[in-house]
Every structure is written in structure tokens, then in C-alpha cells.
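First listed ligand is number 1; within each ligand, the first listed atom is number 1. The figures here come from the full heavy-atom set of this structure, side chains too, leaving out hydrogens, waters and symmetry mates.
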Amino acid sequence: MRVLDRLEQLAAIGDRIGYSPEEDAAHELAAGWFREAGLEVEVDDAGNLLGRRPGDGRAVWTGSHLDTVPSGGRYDGALGVVAGLEAVERLGLPGLGVVVFRDEERGCAGSRARCDSRALPDAFLELHVEQGPRLLNADAPLGVVTAIVGYSRQTVTVTGRAGHAGTTPMAGRDDALCTAAERVLAIRDAAQRVPEAVATVGTLTVEPGGVNVIPGAVSFTVDVRAPDRARLDELLAAIGLQPGLGTEPAVMGPDVVAAARAAVEELGLPVVELPSGAGHDAGILASAGVPSGMLFVRSQNGGVSHNPDELSSPEDIALAVDALTGALRRLAS
Ligand code: GLV
Ligand code: MN
Ligand code: MN
């Protein structure tokens with residue numbers, strides 16, 4: 001299948017952190033595919049890539065991102081781009097477009113820049129792997145997303161006193177890493193008390209970072225998510241972070257949801273509606289007023305993602321391309 005072959009070519013580039021030479025290489029590869037498919041190619045000031053069918057027609061876009069987390073999987077983002085191109089080629093309708101947003105993983109820089117400064121589509125439908133186990137548990141290949149959680153990412157710095165690892169008695173130490181470790185566990189416990197909220201400490205920088213030096217300062221990132229603003233702010237406050245910051249939860253556009261539902265039904269598949277616990281460019285476009293939606297493809301291996309074991313089956317991917325094609329057809333007319 002061409003979609004799988006293209007995913008393979010992207011995976012061969014390796015990790016593709018936003019705005020790295022590797023993400024550039026992935027965008028160049030995709031631009032070549034867009035040109036081969038007869039699409040008009042545009043790169044905007046933020047580096048987002050857009051391939052559009054020439055001619056007048058309702059501007060309906062699909063697509064996703066080609067950057068990755070460090071040591072991620074091969075489907076997150078990339079599937080939405082290659083499957084999106086497949087669907088747009090099949091339909092051949094003027095106005096349809098495939099967009100590749102830059103630097104999604106670290107906070108959707110590309111789609112935010114696009115929403116701040118450039119023309120937006122009449123509707124956006126992003127195909128993505130679920131990155132969780134709900135479709136697997138429901139025995140359903142595809143899902144229709146109803147909303148995307150809100151999230152806030154903040155950095156915490158803890159200070160202590162650096163000193164000699166061999167000569168400073170344990171009793172007199174102010175070890176910043178020990179304090180940070182207690183904060184990390186307190187964050188985990190606080191998140192367990194807010195229903196459907198999650199919090200993750202994903203990076204930690206220890207200074208000065210010597211094998212024989214007591215840590216004098218530690219900075220760590222906290223990624224906090226919840227289905228609504230109230231729970232997001234409740235958790236932020238509970239862990240001593242600033243409430244009110246971050247990306248708002250986003251509700252998907254009713255017409256886009258309806259088109260996705262109808263396309264899944266047309267294939268004789270069950271329609272499973274679910275919220276997304278991951279952030280997505282579709283949430284940024286929805287918050288900017290673009291009617292937006294998402295189709296999810298079942299994730300295998302227990303739903304694992306941001307991990308090399310991320311997997312969706314060729315059969316489910318084939319169904320996803322069919323459903324995306326059907327939904328785009330409905331939205332374009
Ligand atoms: C994007 O993958 C996110 O972190 O939700
Ligand atoms: Mn993604
Ligand atoms: Mn991701």
C-alpha cells in the first residue's frame with residue numbers, strides 16, 4: 001500500500017523534532033509527493049506546507065504534522081499527512097487541500113502561527129492514530145472525535161545549595177534534586193484527585209550536573225491536561241502552577257463531526273465518539289473558529305504512542321483512508 005510505503009520513507013529519516021533538518025527533510029519529501037499528485041504547493045512564513053487542488057471550490061483541508069517526539073512512533077502525525085494526500089488525490093475536487101503543520105509536538109507552533117496570520121480553510125478534518133486503548137476496547141477500527149482536552153505546559157525551578165558530594169554530611173544538605181523528586185510525586189498524587197485529569201513531568205535538568213556535585217538547581221517541565229478549564233485550573237492550582245494559562249479545550253464542529261460519522265456509517269462500521277486526550281492542530285484551528293474535526297484510527301499494542309511500539313494495522317488504515325475520503329467528499333459539496 002502506498003500509504004505504508006510513504007510512512008516507511010518518513011520513518012527512515014528518524015526523529016524529526018520541530019524545525020530540525022530532519023523535519024525539513026520530511027517536508028521536502030511530502031512537497032514532492034504533493035507536486036506528483038498535481039497539487040499547487042505553498043510554504044507559508046512559519047514553514048507550514050500546503051498542497052491544494054487548483055480551481056475554485058470550498059476550501060476543505062485535511063492533514064496533520066510530520067515532526068515527532070524523541071524516539072516516537074511512525075504513525076503519529078505522519079499517517080494524517082499521507083492518508084490525507086491519498087484521499088485528496090482520490091477525490092480530485094478543486095479547493096481540497098492537504099496541510100502539514102510545523103512543530104506540533106512541542107505546542108503546535110505551526111498551526112498557531114497559521115491561525116494568527118494567514119488564510120484558513122472553510123473546514124478542517126484531521127486523521128490521526130488514537131494513541132490510546134478505547135477503540136481497541138470497543139472493537140472498533142475508527143472513532144469520531146468530539147472534543148480535544150485543554151492543556152498547560154509550565155516549567156518549575158527548584159533551588160538548593162550545590163556542594164561537595166563526598167565531604168558534605170547528609171544532615172546539612174539542601175539537595176535540589178531531592179526536593180524536585182518530592183514535587184514530582186506530589187504532582188502525580190494531585191492529578192489522581194482530579195477526575196479525568198493528567199499531569200506529567202517529562203523533562204528534568206539538573207545543575208551543575210556533576211557526578212560528584214550535590215545538585216544546586218533543578219528545572220522540570222509539567223504537562224497538565226483536563227477535559228475542561230475548571231478542572232485544568234483546579235489541578236494547576238493544586239500543584240502550585242499558574243491557573244489560566246495554556247490551550248483551551250476545543251469542541252469539534254458539528255458539521256465536520258456529522259460528515260465523519262456519516263462516512264464511518266457508510267462503511268458499515270460502528271460509530272464510536274470519543275474525546276482526545278492528546279493535543280492536535282485540529283484543536284488550534286477549532287479555537288480559531290475553523291469548523292474542525294478528527295477521525296481516529298485504532299491503535300494496537302494496548303494503544304501505546306510516543307513510543308516506537310506505536311502501531312495501527314494496514315486493514316484499519318485502509319478503512320481510515322476510505323472514511324476520510326467519504327467525509328471530505330461530504331464537506332466539499
Ligand atoms: C501531542 O502529541 C500531545 O502531546 O498531545
Ligand atoms: Mn500527533
Ligand atoms: Mn504526538
Worksheet item: Would you say the side-chain atoms of Ser219 and Thr155 include a donor-acceptor pair closer than 3.5 Å?
Response: no

Worksheet item: Side chains of Glu23 and His65: is there a donor and an acceptor less than 3.5 Å apart?
Response: no

Practice prompt. Report the residue from Asp45, Asp24, Asp44, Asp67 that forms a salt bridge (charged side-chain N to carboxylate O under 4.0 Å, His left out) with Arg102.
Written response: Asp24

Worksheet item: With distance as the sole test, does Thr68 use its side chain to make a donor-acceptor pair with the main-chain N or O of Arg16 at under 3.5 Å?
Response: yes

Practice prompt. Using a 4.5 Å cut-off on heavy atoms from C-beta on, say whether the side chain of Leu49 contacts that of Leu66.
Written response: no

Report every pair formed by an N or O atom of ligand 1 and a protein N or O atom separated by less than 3.5 Å, giving atom names and the distance to 0.1 Å.
from: ligand 1; atom 1: 2 (O); to: Glu105; atom 2: OE1; distance (Å): 2.9
from: ligand 1; atom 1: 2 (O); to: His306; atom 2: NE2; distance (Å): 3.2
from: ligand 1; atom 1: 4 (O); to: Arg153; atom 2: NH2; distance (Å): 3.1
from: ligand 1; atom 1: 4 (O); to: Arg225; atom 2: NH2; distance (Å): 2.7
from: ligand 1; atom 1: 5 (O); to: Arg225; atom 2: NH1; distance (Å): 2.6
from: ligand 1; atom 1: 5 (O); to: Arg225; atom 2: NH2; distance (Å): 3.2
from: ligand 1; atom 1: 5 (O); to: Gly279; atom 2: N; distance (Å): 2.7

Response to the item:
Excluding water, the protein N, O or S atoms sitting under 2.8 Å from the Mn ion (ligand 2) are His65 NE2, Asp76 OD1, His128 NE2

Practice prompt. Please tell me if the side chains of Pro275 and Val149 come closer than 4.5 Å, counting only heavy atoms from C-beta onward.
Written response: no

Worksheet item: Could Arg53 and Glu89 be called an ion pair, given the rule that one side-chain N must be under 4.0 Å from one carboxylate O?
Response: no

Worksheet item: Taking Ser299 for the side chain and Gln131 for the main chain, is one N or O donor matched with an acceptor at less than 3.5 Å?
Response: yes

Practice prompt. Examine Leu125 and Leu93 and state if one hydrophobic cluster contains both, with Ile, Leu, Val, Met, Phe, Trp and Tyr joined whenever side-chain heavy atoms are less than 4.5 Å apart.
Written response: yes

